[in-house]
Amino acid sequence: MTILPIEEIKERSDRHPKPSDVKFQYGTAGFRTLGKTLDSVLFRVGVLAALRSKKLDGKTIGVMVTASHNPEPDNGVKLVDPRGEMLESSWEAHATALANAPSSVAFVAAVDELVKTTKIDLSIPARVVYARDTRPTGPQLVAALKDGLEAMKAEYRDAGITTTPVLHYLVRTINTKGTKDSYGEDTEEGYLTKISDAFKKLLAGKATPPPLLIDCANGVGALMAERFKAYLGDTFSINLVNAAIDTPGALNNSCGADFVKVNQKLPPSITLQPGQRACSLDGDADRIIFYYADERGQFHMLDGDKITALVASFIVELVKAAGLDEHIKVGVIQTAYANGSSTKYLSGRLPVKCVPTGVKHLHHAAEHYDVGVYFEANGHGTVLFSPAAQELISSHISSTLAQSTAITHLKNVIDVINQTVGDALSDAFLVEAVLAHKSYSGVEWDSLYSDLPNRLVKVVVGDRNAFETEDAERRLVSPLGLQAKINELVRRYEGGRSFVRPSGTEDVVRVYAEAVSRPEADELAFRVAGLVYDEAGGDPSRKPKEFL
Ligand code: 16G
Ligand code: MG
């Protein structure tokens with residue numbers, strides 16, 4: 001294909017008309033909204049993915065159809081760039097423009113414009129791999145996506161029903177196959193083997209950890225966790241709950257990582273014995289939250305910040321034991337949502353950087369370290385090893401047994417981690433391996449530092465775009481004067497911290513607050529929410545009573 005098949009695209013596009021009353025936006029998590037409104041978007045994403053591949057010299061682009069932790073009727077789609085990372089930001093605007101073209105004619109014109117402005121050579125072949133989660137609207141949306149790919153004569157591979165991190169892994173392995181950067185076999189078996197082998201090696205010689213209860217949010221993580229069982233053998237047992245992927249309405253309903261993090265409590269479907277540890281995945285298995293019951297049966301949450309503290313210190317110890325601490329520096333990336341206690345704990349030990357919310361920001365910042373550890377408090381995260389650090393580790397000639405043991409562990413840590421994106425199951429194995437090495441129970445892990453009580457509140461406003469932030473979302477610059485009022489309130493609370501930012505995934509403004517006690521954190525959050533409500537011109541008679 002050297003010219004755009006305009007008629008073919010237009011004819012197929014007519015079968016996927018854009019709903020006139022919806023404005024789509026490619027946000028932090030791609031397009032995401034009610035699944036039944038997304039047919040035209042998926043068709044157009046098919047065309048866009050083909051163009052992106054051509055632009056990148058025929059590299060394989062990934063397309064994931066999922067709405068993560070959102071309710072079951074929602075769905076979404078995002079593109080994955082060749083190394084398994086999020087779509088480059090400049091293309092987010094192209095995605096939004098194509099999705100909003102009001103008619104097939106306008107769509108074809110927008111495609112033509114994109115080809116010209118980004119200088120795409122249409123004679124280059126297009127390659128795409130796609131997958132979906134378990135949502136009921138998935139099959140129909142994938143059919144629309146295929147129609148878009150076929151309109152562009154793209155070569156495509158259907159990775160079936162799988163998790164977001166597996167799709168990212170496939171993109172990377174397909175694109176690096178047979179090169180010095182090869183990341184593994186480009187199949188689901190390759191993924192399962194690589195991670196489980198590394199995990200088993202890390203556990204060798206350690207006491208077998210107790211079985212881990214995994215809450216699968218009734219989503220696609222249940223399928224993958226089930227497949228892992230055969231690969232884990234006797235080394236480690238996992239018990240799956242909320243694995244009902246075929247029960248209508250069950251997905252993310254009163255279960256999963258988001259439920260646990262937001263409500264700071266156990267899903268009602270789970271009871272823990274004193275001392276028992278468990279974890280919850282989200283609907284597409286790229287987020288994980290751990291928790292345990294203490295000896296009195298009391299619930300304690302171990303979120304992304306706690307995972308960072310555990311994992312980063314383990315890697316630092318291994319690097320030191322390997323004798324590489326002069327050459328390999330470990331850094332941590334957080335967002336404003338990181339608990340203040342975690343930031344304090346980590347800053348005393350390592351370089352810590354704060355970036356805006358959203359995986360792409362964390363991931364890119366992590367690439368600037370030899371080893372970059374990033375987890376959002378909500379449980380999305382991974383560890384990146386720079387090519388130079390990996391080279392040093394693999395070529396290191398150890399002078400002592402202790403050094404060579406540490407090097408072996410580091411190699412296995414690298415392989416148990418999915419470096420392309422946050423991966424709940426790979427993270428679960430990483431955490432369990434570190435706990436086994438340190439002989440930690442949940443209590444010991446939890447006691448690395450004590451979380452400050454915190455509260456998240458959302459406020460519905462007329463226009464969330466009126467809220468603009470700076471300093472990695474920690475300060476509002478607009479509406480003018482609001483930050484000064486927030487500062488004034490925060491000063492009155494011991495250990496108080498609060499910030500306000502527009503959500504990137506919902507039409508709301510989010511308020512976060514923390515303070516030394518639970519009642520103070522709650523009060524601060526609601527009072528800041530009250531300020532936001534007033535500022536946004538909310539009707540005084542409908543102001544939520546907690547905000548007063
Ligand atoms: C998306 C982001 C996640 C972020 C969340 C914030 C990706 C893949 N996911 O789910 O990292 O924490 O948005 O949502 O980037 P919010 O903007 O609605 O608070
Ligand atoms: Mg997710």
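Whatever order the structure lists ligands and atoms in, that order sets their numbers, starting from 1. Sequential numbering from 1 along the given sequence is applied to the chain's residues.
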**Request:** Could you tell me whether Arg464 and Glu506 have a side-chain N and a carboxylate O separated by less than 4.0 Å?
**Result:** no
**Message:** I'd like to know if Lys306 pairs up with Asp446 as an ion pair, taking the criterion as any Lys NZ or Arg NE/NH1/NH2 lying under 4.0 Å from an Asp or Glu carboxylate oxygen.
**Reply:** yes
**Item:** Pairs satisfying side-chain hydrogen bond (donor to acceptor under 3.5 Å, both in side chains), at least one member in residues 248-257, at least two apart
**Value:** none
**Asked** So, do Tyr292 and Trp445 have ring centers that fall under 6.0 Å from each other?
**Response** no
Any protein N or O within less than 3.5 Å of an N or O in ligand 1? List each pair with its distance, or say none.
| residue | atom | partner | partner atom | Å |
| --- | --- | --- | --- | --- |
| ligand 1 | 11 (O) | Val359 | N | 3.4 |
| ligand 1 | 11 (O) | Glu376 | OE1 | 2.4 |
| ligand 1 | 11 (O) | Glu376 | OE2 | 3.4 |
| ligand 1 | 12 (O) | Glu376 | OE1 | 3.0 |
| ligand 1 | 12 (O) | Glu376 | OE2 | 3.0 |
| ligand 1 | 12 (O) | Asn378 | ND2 | 2.9 |
| ligand 1 | 15 (O) | Thr28 | O | 3.3 |
| ligand 1 | 15 (O) | Val359 | N | 3.0 |
| ligand 1 | 17 (O) | Arg501 | NH2 | 2.8 |
| ligand 1 | 17 (O) | Gly504 | N | 2.6 |
| ligand 1 | 18 (O) | Ser503 | OG | 2.5 |
| ligand 1 | 18 (O) | Thr505 | N | 3.4 |
| ligand 1 | 18 (O) | Thr505 | OG1 | 2.4 |
| ligand 1 | 18 (O) | Arg510 | NE | 3.4 |
| ligand 1 | 18 (O) | Arg510 | NH2 | 2.6 |
| ligand 1 | 19 (O) | Arg501 | NH1 | 2.8 |
| ligand 1 | 19 (O) | Arg510 | NE | 2.7 |

**Aromatic Tyr130 / basic Lys146 pairing, under 6.0 angstrom, 45° off normal** = no
**Distance filter under 2.8 Å, centred on the Mg ion (ligand 2) - protein N, O or S atoms that pass it** = Ser68 OG, Asp282 OD2, Asp284 OD1, Asp286 OD1
**Item:** Which atom of Pro267 lies closest to which atom of Phe259, heavy atoms considered
**Value:** CA-CE2, 3.5 Å
**Prompt:** Mind checking whether Tyr449 and Tyr345 have parallel, tilted or perpendicular rings, split at 30° and 60°?
**Reply:** tilted
**Request:** Specify whether Tyr169 and Tyr183 have parallel, tilted or perpendicular ring planes, treating 30° as the upper limit for parallel and 60° as the lower limit for perpendicular.
**Result:** tilted
**Item:** Qualifying salt bridge (Lys or Arg N to Asp or Glu O under 4.0 Å) pairs with a residue from residues 364-384, counting only residues at least two apart or across chains
**Value:** Arg83-Glu367
